[in-house]
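Given the structure is predicted, the values throughout are model-derived calculations rather than measurements. Quick note on labels: first sequence line is chain A, next is B, and so on, each numbered from 1.
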Protein chains: 2
Amino acid sequence: MARRNDHTREEIQGMAIDATRTLIATEGLEGVSARKVAQHIGYTVGTLYQNFDNIHELILHANAFSLTQLLAALEKVYQAEPRPLPRIISIANTYLDFGQKHEKQWAAIFRHTLPQDFVMPDWYQARIDALFSLIERAVWELAPSRDKKQIQLASRTLWSSVHGICILNTGNKLYSENIATPQTLMQSLVTNYLSAWIQEGSRA
Amino acid sequence: MARRNDHTREEIQGMAIDATRTLIATEGLEGVSARKVAQHIGYTVGTLYQNFDNIHELILHANAFSLTQLLAALEKVYQAEPRPLPRIISIANTYLDFGQKHEKQWAAIFRHTLPQDFVMPDWYQARIDALFSLIERAVWELAPSRDKKQIQLASRTLWSSVHGICILNTGNKLYSENIATPQTLMQSLVTNYLSAWIQEGSRA
DNA sequence: TTGAATGGTAAACATTGTTCAATTATGCTT
DNA sequence: AAGCATAATTGAACAATGTTTACCATTCAA
């Protein structure tokens, strides 16, 4: 049995988050339970509940970790590709790849529903914001003359759509006879949407 | 207590599905439990489990009902609007509306995850297929000269994107300062994507 | 060394899905 | 009409979930 001061509060929290991440990666979100996490780190549920208010907080931390990884991957391709349009396409494909390669983690992020009263913590919302802000930057690079409102509208539209393709791709195989790969859909979406959007701008 | 032959098997099943629907509509997916449904229809859990293999089947039936309602609404605007492009826009907006007006039901459909081993029943998959087929028809009307592969690609891309906007709209308020309404995003997506897609076709 | 504060545990509660032996009502047969 | 087989219904039980809390044990300060 673990004894007092074997680990600091912070260490226990870190271990618990790690354990949650492994559980998600191996068994999926449904495989996460307070007792399993506790057992994983050599403590009891009680101890877990002294470090986290509830299980949602724990899952949120694990998901935030995944979001950080995703964000890092996106930032990387942002840096690697200077040309505005190919850059956006790369980012979209990386987003898609991440969902495919880390299917369980992806599902955990977007299928996890928190209870009514639960308020999403700032540090979590911050990752989501960072994500959208990255896209906004990339779209701005593509059309720096457009005003902020238009950039925001286009990036939110585009990213909701990209996200939609990723969602329908993972889990439910909506592409029954794999006539078209999700990459093809992604290509079609980004190039078509953006080319028309740019034309719309040059017309004004 | 309910006695034998008060209701036929079919009646009990119908009542149970109705009860599930009400529970979803009022308390959301998380508000559904076998015992609650049973109590609602004046029977016991045991009886429920003689009419349904498990709770997922029950939820699936309730969701199928919602999908049928959605499909009916979409078919209606399909009939009402003969012009191909406005028709697609109408359908997309109706899709969005449905998600907004029946938020709980919508969430129940798209957030409900069934266990690994569970195979999606045919009668359920059929509704999804009907949905995609409706869009394919509408896209075909817009560009009847394009070949089947291209129609399929475009409709799946478009509808995944439409779906993405709906998803990010419900629940998590990703449009923090409501700078743009989801309707605006929808408009931007459909018109831009389709106008470029049509141009791409006329070039070939 | 003693006592207060805190780390940790184990047991308990309520609520889930699910199963099943026992009971009870029904309809058929004699 | 009586009895019996069949099928419907119950209610209790199981395991697993999240969450709380009374209690025990360890550490550190006085």
Side-chain angles (χ1 to χ4, degrees), chain A residues 1-17 19-20 23-24 26-63 108 111-119 121, chain B residues 1-17 19-20 23-24 26-63 108 111-119 121:
Chain A
M1 281 295 117
R3 342 198 96 208
R4 177 176 179 180
N5 274 2
D6 264 10
H7 306 96
T8 69
R9 247 185 149 64
E10 285 71 28
E11 280 172 334
I12 292 185
Q13 288 166 2
M15 288 159 59
I17 293 169
T20 307
L23 279 173
I24 288 177
T26 53
E27 309 178 34
L29 185 56
E30 330 293 327
V32 177
S33 90
R35 282 173 181 81
K36 276 198 220 165
V37 171
Q39 192 190 350
H40 231 269
I41 66 175
Y43 283 86
T44 323
V45 256
T47 301
L48 206 57
Y49 274 84
Q50 254 153 14
N51 288 276
F52 298 93
D53 284 347
N54 48 54
I55 239 221
H56 299 284
E57 206 187 313
L58 201 43
I59 292 171
L60 238 42
H61 272 100
N63 285 346
R111 306 197 85 96
H112 173 242
T113 55
L114 15 95
Q116 261 72 1
D117 51 345
F118 205 102
V119 282
Chain B
M1 284 290 118
R3 342 197 99 209
R4 179 174 179 181
N5 272 5
D6 264 11
H7 305 97
T8 70
R9 247 184 147 63
E10 285 70 30
E11 280 173 334
I12 291 185
Q13 288 166 3
M15 288 159 59
I17 294 169
T20 308
L23 278 173
I24 288 178
T26 52
E27 307 179 36
L29 185 56
E30 331 293 327
V32 176
S33 89
R35 284 174 181 81
K36 275 197 218 164
V37 171
Q39 191 192 350
H40 231 268
I41 65 176
Y43 281 87
T44 322
V45 257
T47 302
L48 205 57
Y49 273 84
Q50 250 148 17
N51 288 277
F52 298 92
D53 284 347
N54 48 55
I55 241 227
H56 298 283
E57 208 186 311
L58 201 43
I59 292 170
L60 238 44
H61 272 99
N63 285 346
R111 307 197 84 95
H112 173 241
T113 56
L114 16 95
Q116 263 74 1
D117 51 344
F118 204 103
V119 283

In whole angstrom, give the distance that lies between atom NE2 of H7(A) and atom P of dG8(C). 9 Å
Counting primed atoms, P, OP1 and OP2 as sugar-phosphate and everything else as base, the B/S/- map of nucleotides 12-18 of chain D against protein heavy atoms under 4.0 Å is -B---BB
Apply side chain to side chain contact (heavy atoms under 4.5 Å, CB included) to E27(A) and list each qualifying residue two or more places apart in sequence or on a separate chain. L23(A), K36(A)
Tell me every residue that passes salt bridge (charged side-chain N to carboxylate O under 4.0 Å, His left out) with E11(A), counting only those two or more places apart in sequence or in another chain. none
If a pair satisfies salt bridge (charged side-chain N to carboxylate O under 4.0 Å, His left out) and one of its residues is in residues 45-62 of chain B, list it, with sequence neighbours excluded. none
Side-chain N or O of T47(B) less than 4.0 angstrom from OP1 or OP2 on dT9(D)? no
Kindly calculate the angle separating the two end axes of the helix from dT1(C)-dA30(D) to dT30(C)-dA1(D), each obtained from five base pairs, and round it to 10 degrees. 30°
For L48(A) and dG8(C), what is the distance between atoms CG and C1' respectively, to the nearest whole Å? 12 Å
Between dG17(C) (P) and Q39(B) (CD): distance, integer Å: 13 Å
Counting any heavy atom closer than 4.0 Å, what does I12(B) reach on the DNA or RNA strands: base, sugar-phosphate only, or nothing? sugar-phosphate
Would you mind reading off the distance between N51(A) atom CG and dT20(D) atom C1', rounded to a whole angstrom? 16 Å
The side chain to side chain contact (heavy atoms under 4.5 Å, CB included) partners of A34(A) (sequence neighbours excluded) come to V45(A), L48(A), Y49(A), I55(A)
Which residues share a side chain to side chain contact (heavy atoms under 4.5 Å, CB included) with Q39(B), sequence neighbours left out: none
Would the distance check show the side chain of N51(B) and the main-chain N or O of I12(B) forming a donor-acceptor pair, the cut-off being under 3.5 Å? no
For E57(B) and dT18(C), give me the distance from atom CD to atom C1', rounded to whole Å. 14 Å
For H112(A), what residues pass the ring pair (Phe, Tyr, Trp, His ring centres under 6.0 Å) criterion, not counting sequence neighbours? H56(A)
Specify the separation, in whole Å, of atom CG of L58(B) and atom P of dT16(C). 14 Å
Just the rounded figure in Å: distance from P of dG8(C) to OH of Y43(A). 4 Å
Run the ring pair (Phe, Tyr, Trp, His ring centres under 6.0 Å) test against F52(B) and tell me which residues pass, sequence neighbours left out. H61(B)
Any donor-acceptor pair under 3.5 Å from R9(B) side chain to Q50(B) backbone: yes
Q50(B) CD to dG11(D) P, in whole Å, measures 14 Å
